[in-house]
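A, B, ... follow the sequence lines: proteins, then strands. Residue 1 opens every chain.
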Protein chains: 2
Amino acid sequence: MRPSTLLKRQKIIAAATQLFFKQGYPETSLDQIIEQCGGSKQTLYRYFGDKKGILNEVITQGTEEMKSVFQFQNDSDIPLTKQLNEFGYLYIKTLCSPQLLNMYRIVITESRRDQELAEFFLSRGPQHFHHLLTEFLLQQAEQGKLHINNASLAATRLLGLLRGDFFQQAMLGMPSPSEQEMHKSAQQAVKFFLQGCSIAD
Amino acid sequence: MRPSTLLKRQKIIAAATQLFFKQGYPETSLDQIIEQCGGSKQTLYRYFGDKKGILNEVITQGTEEMKSVFQFQNDSDIPLTKQLNEFGYLYIKTLCSPQLLNMYRIVITESRRDQELAEFFLSRGPQHFHHLLTEFLLQQAEQGKLHINNASLAATRLLGLLRGDFFQQAMLGMPSPSEQEMHKSAQQAVKFFLQGCSIAD
DNA sequence: GACTTATCGTACTGTCCGGTACGGTACGTT
DNA sequence: AACGTACCGTACCGGACAGTACGATAAGTC
């Protein structure tokens, strides 16, 4: 294997990602990818087998990158509300990012043909956020800072409140909220969540 | 115009709906629709202009039908909690129905090309539910049965709680919850919502 | 420098599909 | 019965595109 191989792979994936996100997966031809990143169709088949192989790699790297960007600092010196506000803002911002929205659209479209891809994306994407929040809530509960019986269910609720209408609307191409709206919505959702928690379950 | 024309139109739409929902819109050829409902391609073009014309009609009739199915009885003799539970159950059930899920998938997929369709669907589908709930909450608030400042925001919150993870997962092809789970989830969400409302805003 | 192997460019194949053309046929009207 | 119109069936057009074939060329290895 040549040393340039890995670089070429990344170039192909970068080009494919950009085109898939911009136009959609079925709407992007292999020739367009080649045109964007140079090289020959043969190379593309050598590395990825077929078109779906490219998509798998795009989704894999896309989710990986998102996970690395979404860094939620769990610092016990910071008050609970503030930490949740920050988490909420990050969550809304991530959900409304073109990166995630485009992946959602593609995976939803392909889920009819490729259930495996859908499950993969679900576990690496949405369920990852759920997992992070559940762990955090669990920890807070153990420290007595929060009264919940079921951390996973509580996480589902907070995430649902955070999503609100944004996600559905963004998914259908409506404009994303501003940074200010995201902050405000996150704060309101967290407040509402904590009030509900003070008694619930 | 012949009397059989309307019948034929409906037959075409029924066939197209079934195929679009089962296979997706781009994956369904006009020949397949003809094969299913009989007739000639020419007729199809006579009635609908082009393929997208058929889709528009499918979505229009689909949302119309859903609105007529989703009948929320506002009976002031019934306690608030019970009414909200019923609403919540209906909402979850509708969201997880193949009818709505398939429309969502198609519209999301097409929203890249046809923003108008997306907005049409959004207003007739999701926003219709939001509107119904907002009106109801407003009425309850005016009667002093509920303390909220912003009925629309409150509706967004309850709907978010009701959706929980179900919608995202169903959208990606995961199995829908059972009737029991729907009932239970609706009750829990409503309970949590009402607790949050007792102080919030 | 000789050899190997990855890559390139281009052309090609097979297929699918939206949309059109057109001759024939049933239907409804007068 | 005669006429016009809607409808049917089939064939066709043009274009797009995944995937393949293959000879030419560059890059790395010895």
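Put simply, CZ on A:F20 is 13 Å from C1' on D:dC17, counting in whole angstrom units. The NZ-P distance, from B:K51 to C:dG18, rounds to 4 Å in whole Å. Taking atom CG of residue A:L7 and atom C1' of nucleotide C:dT7, one finds them 14 Å apart after rounding to whole Å. Distance, A:I12 CD1 to C:dT7 P: 8 Å, rounded to whole Å. Distance A:D31 CG to D:dA18 C1': 9 Å, rounded to the nearest Å. Between the NZ atom of A:K52 and the C1' atom of D:dG19 there is a distance of 15 Å, rounded to whole Å. The separation between A:L30 atom CG and C:dT10 atom C1' is 16 Å, rounded to whole Å. Between the CZ atom of A:R113 and the P atom of D:dA18 there is a distance of 12 Å, rounded to whole Å.
Between A:Y89 and the options A:K184, A:Q187, A:E179, a side chain to side chain donor-acceptor pair (under 3.5 Å) holds for only A:E179. Screening B:F70, B:F129, B:F136 against B:F87 for a ring pair (Phe, Tyr, Trp, His ring centres under 6.0 Å) leaves a single residue, B:F70.
Distances were taken from every side-chain heavy atom of A:Y45 (C-beta onward) to each of D:dT20, C:dG18, C:dC8; the shortest belongs to D:dT20. In the set D:dC7, D:dA18, C:dT20, D:dC7 carries the atom at the smallest distance from any side-chain atom of B:R46. Of the candidate nucleotides D:dC8, C:dG19, C:dC8, C:dG19 has the atom nearest to the side chain of B:D50. For A:Q42, whose side chain is taken as the heavy atoms from C-beta onward, the closest listed nucleotide among C:dG9, C:dC22, C:dG18 is C:dG9.
Residue B:Y47 places at least one side-chain N or O closer than 4.0 Å to OP1 or OP2 of D:dC7. A sub-4.0 Å separation between OP1 or OP2 of C:dC8 and a side-chain N or O of A:T43 is present. Between D:dA27 and A:K8, no contact under 4.0 Å exists linking OP1 or OP2 to a side-chain N or O.
Side chain to side chain, B:D75 and B:Q83 fail the donor-acceptor criterion of an N or O pair below 3.5 Å.
Considering only heavy atoms from C-beta on, B:Q115 stays 4.5 Å or farther from A:L172 through its side chain.
For B:I34 and A:Q32, each mapped to the nucleotide of DNA chain D holding its nearest heavy atom, the one lying further toward the 5' end belongs to B:I34.
The NZ atom of B:K51 lies 12.5 Å from the CG atom of B:N56; values are rounded to the nearest 0.5 Å.
A donor-acceptor contact under 3.5 angstrom links the side-chain atoms of A:K41 to the base of D:dG19.
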